Amino acid sequence: MSLKPMLTSSLLGIAVLAAAPATAQETIKVGTVFPLTGPTAVFGTQNFQGVVVAAEMINDRGGVKGKKIELVKADAASPQAAIAEVNRLITQAGVKILVGSTTTAVAMPATQEAERAGVFYWEGAAIAEQITERGFKYTFRVALPAAGLGTPAMDYTVKVVAPTLKRDPKDIRVAIVGEESSFGISMADVNVAAAKEAGVQVVLRETYPAGSKNTDLSPLILKLRAANPDVLIATAFFNDAVLLGRQMKELRFVPKAYIGTSAGHSTLTLADALGDAVNGTFSSSYPPDVNPGGLTEQARADLTEFKRRYQEKYKVVPSVQEVVGFVAGWSLFRDVIGTAESAEPDKLREAVMKLDVPIGSYINGWGAKFDAKGQNVRSFATVVQWQDKKMTVVYPLELATAKPIMLPAPGSK
């Protein structure tokens with residue numbers, strides 16, 4: 001064999017080898033930073049699964065600018081794990097775009113590490129005000145901060161509960177309780193401030209240990225019975241929400257209205273744990289399923305496809321946390337990466353600051369427009385109520401899918 005054919009063959013072989021990695025890299029890597037194990041794994045998994053369905057829908061529609069979204073999963077079960085996993089995604093997986101985090105405990109260190117490395121971070125559901133108060137360049141939050149998520153609980157107390165009881169709001173007695181993390185404290189602060197502004201009496205404010213530390217809430221419930229509130233506003237993760245609901249029933253503590261603030265009170269499996277006793281419970285929450293009349297035609301189609309895909313893939317009907325995860329992923333893939341000049345953090349930031357997505361464009365009724373701090377000003381909360389062991393929007397009225405059940409809540413006695 002002559003030298004020329006041998007050289008030609010070798011060069012062709014080299015060219016083929018060189019081309020292979022380029023083909024393999026025709027994706028856009030996005031790191032997912034969620035607690036998939038540990039005490040908040042229920043929420044983290046639901047958020048993550050919503051992002052997964054968003055990526056699948058985008059990819060099946062042709063991807064983003066011809067490239068597929070490739071999710072690189074991390075389990076941020078604690079603040080320490082969040083730091084380690086963010087650094088792993090950045091240094092080992094070469095990720096420059098991150099989406100997370102479900103909880104403030106994960107979001108605060110995760111966004112700090114991403115910012116330090118100059119990596120873009122798209123926060124979905126963590127609510128602490130501080131997340132967007134640190135002057136970070138590459139951190140943006142799609143959902144509400146604590147003030148926006150917690151406020152509807154007191155609004156509902158003043159505008160619905162008080163008139164139903166035929167009493168002036170100033171005569172309504174409210175107890176505010178929550179787990180002792182920054183999430184519970186933030187939500188309590190919001191509702192105490194809102195109560196003061198409305199002139200509502202706060203007869204008890206109490207915190208308690210969260211998660212695995214907690215096996216008995218009866219001392220808290222006895223304090224609640226002694227305080228005798230008309231309305232209980234409670235912030236709890238899933239296990240605590242279940243324990244609180246069960247022990248309230250056992251100790252026959254029956255407030256006129258029991259309003260959770262998202263988290264455990266807006267988790268689909270709460271009905272499985274409490275059965276009929278869940279009916280009547282309210283939650284100030286991200287909207288699980290608003291009146292479709294308030295959505296754009298495209299958002300209605302996206303909602304139908306999301307529900308079908310999620311149920312086929314995970315064998316459950318999606319609700320609040322799953323919907324928030326989907327909207328976080330969908331807005332990132334379609335509206336940020338899809339409109340940016342490139343997937344570099346600076347170009348992604350430019351794209352975010354230009355976003356002008358109208359209310360009603362996402363499947364939960366949200367839109368997207370960001371302020372200088374990185375907060376979406378077109379997200380909002382609703383009040384949902386468990387009816388027939390399903391969550392339905394009851395407030396505000398223009399977004400409601402059902403009327404509230406008359407007080408007191410059925411199943412509570």
Side-chain angles (χ1 to χ4, degrees), residues 42-43 46 149-165 174 229-238 240-249 252-295 300 303-304 306-307 310-311 314-324 363-365 380-413:
V42 171
F43 307 124
Q46 290 168 336
L149 185 58
T151 299
M154 192 56 64
D155 285 347
Y156 192 78
T157 298
V158 171
K159 296 177 181 177
V160 180
V161 177
T164 300
L165 298 177
V174 174
D230 299 302
V231 178
L232 170 61
I233 297 176
T235 300
F237 288 118
F238 177 71
D240 299 323
V242 172
L243 185 60
L244 187 60
R246 286 175 177 167
Q247 293 194 309
M248 282 172 59
K249 183 177 180 180
R252 298 182 181 179
F253 170 61
V254 187
K256 300 294 191 305
Y258 173 24
I259 308 175
T261 53
S262 193
H265 294 94
S266 298
T267 301
L268 197 62
T269 48
L270 187 65
D272 296 330
L274 295 180
D276 290 336
V278 76
N279 289 333
T281 302
F282 296 94
S283 183
S284 173
S285 174
Y286 301 125
D289 190 8
V290 298
N291 189 326
L295 303 179
R300 289 195 294 272
L303 176 61
T304 299
F306 165 68
K307 286 181 173 180
Y310 195 97
Q311 193 164 357
Y314 297 112
K315 312 306 178 188
V316 295
V317 177
S319 192
V320 175
Q321 302 295 337
E322 299 90 333
V323 168
V324 172
I363 65 171
N364 63 354
F380 52 82
T382 59
V383 173
V384 301
Q385 186 181 39
W386 285 93
Q387 298 181 6
D388 194 23
K389 295 192 284 189
K390 296 177 183 178
M391 280 179 283
T392 57
V393 176
V394 294
Y395 181 84
L397 298 179
E398 61 270 22
L399 298 173
T401 56
K403 294 181 179 180
I405 297 171
M406 295 299 291
L407 306 175
S412 59
K413 293 184 178 179

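Below, all heavy atoms of this structure are taken into account, side chains as well, without hydrogens, waters or symmetry copies. Note that the coordinates shown come from a computational prediction; the quantities given were computed from them, not determined experimentally.
In this structure, the side chains of V317 and K307 stay at 4.5 Å or more apart for every pair of heavy atoms. Contact of the P255 side chain with the M248 side chain is registered, since non-hydrogen atoms from C-beta on lie closer than 4.5 Å.
Under a 3.5 Å cut-off, the side chain of T392 and the backbone N or O of Q385 do form a donor-acceptor pair. Looking at Q387, its side chain does come within 3.5 Å of a backbone N or O of K403 through a donor-acceptor pair. A donor-acceptor contact shorter than 3.5 Å is absent between the side chain of T235 and the backbone of T261.
Ring-plane geometry between H265 and Y258 is classed as perpendicular, the angle between the planes exceeding 60 degrees on a 0 to 90 degree scale with a lower cut at 30. Relative ring orientation between Y156 and Y395 is described as perpendicular, the plane-to-plane angle rising above 60° on a 0-90° scale split at 30° and 60°.
Distance OG1/T157 to NZ/K256: 13.5 Å, rounded to 0.5 Å. We find the CG-CG distance between L232 and D230 to be 11.5 Å, quoted to the nearest 0.5 Å. With values rounded to the nearest 0.5 angstrom, T401 atom OG1 is found 11.5 Å from K390 atom NZ. Here F43 contributes atom CZ and E322 contributes atom CD; the two are 10.5 Å apart, rounded to the nearest 0.5 Å. Going from atom OG of S266 over to atom CH2 of W386 covers 8.0 Å, rounded to the nearest 0.5 Å. For the atom pair OG1 (T281) and CG (L244), the distance works out to 9.5 Å, reported to the nearest 0.5 Å.
Nearest heavy-atom pair across A241 and A236 is N-CB, 3.7 Å. Nearest heavy atom pair, residue S285 against residue V384, reads CB-CG2, 4.2 Å. Between I363 and L295, the shortest heavy-atom distance links the atoms O-CD1, 3.8 Å. Here the closest heavy-atom approach between residue V242 and residue A273 is recorded as CG2-CB, 3.6 Å. The minimum heavy-atom distance between P163 and V158, with the atom names listed, is CD-O, 3.4 Å. Considering all non-hydrogen atoms of both residues, G365 and F380 come closest at O-CE2, 3.4 Å.
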*asked:* If you apply the rule side chain to side chain contact (heavy atoms under 4.5 Å, CB included), what do you find for F237 with V42, and how did you get there?
replied: CA-CA 9 Å; F237 288 118; V42 171; over 6 Å; no
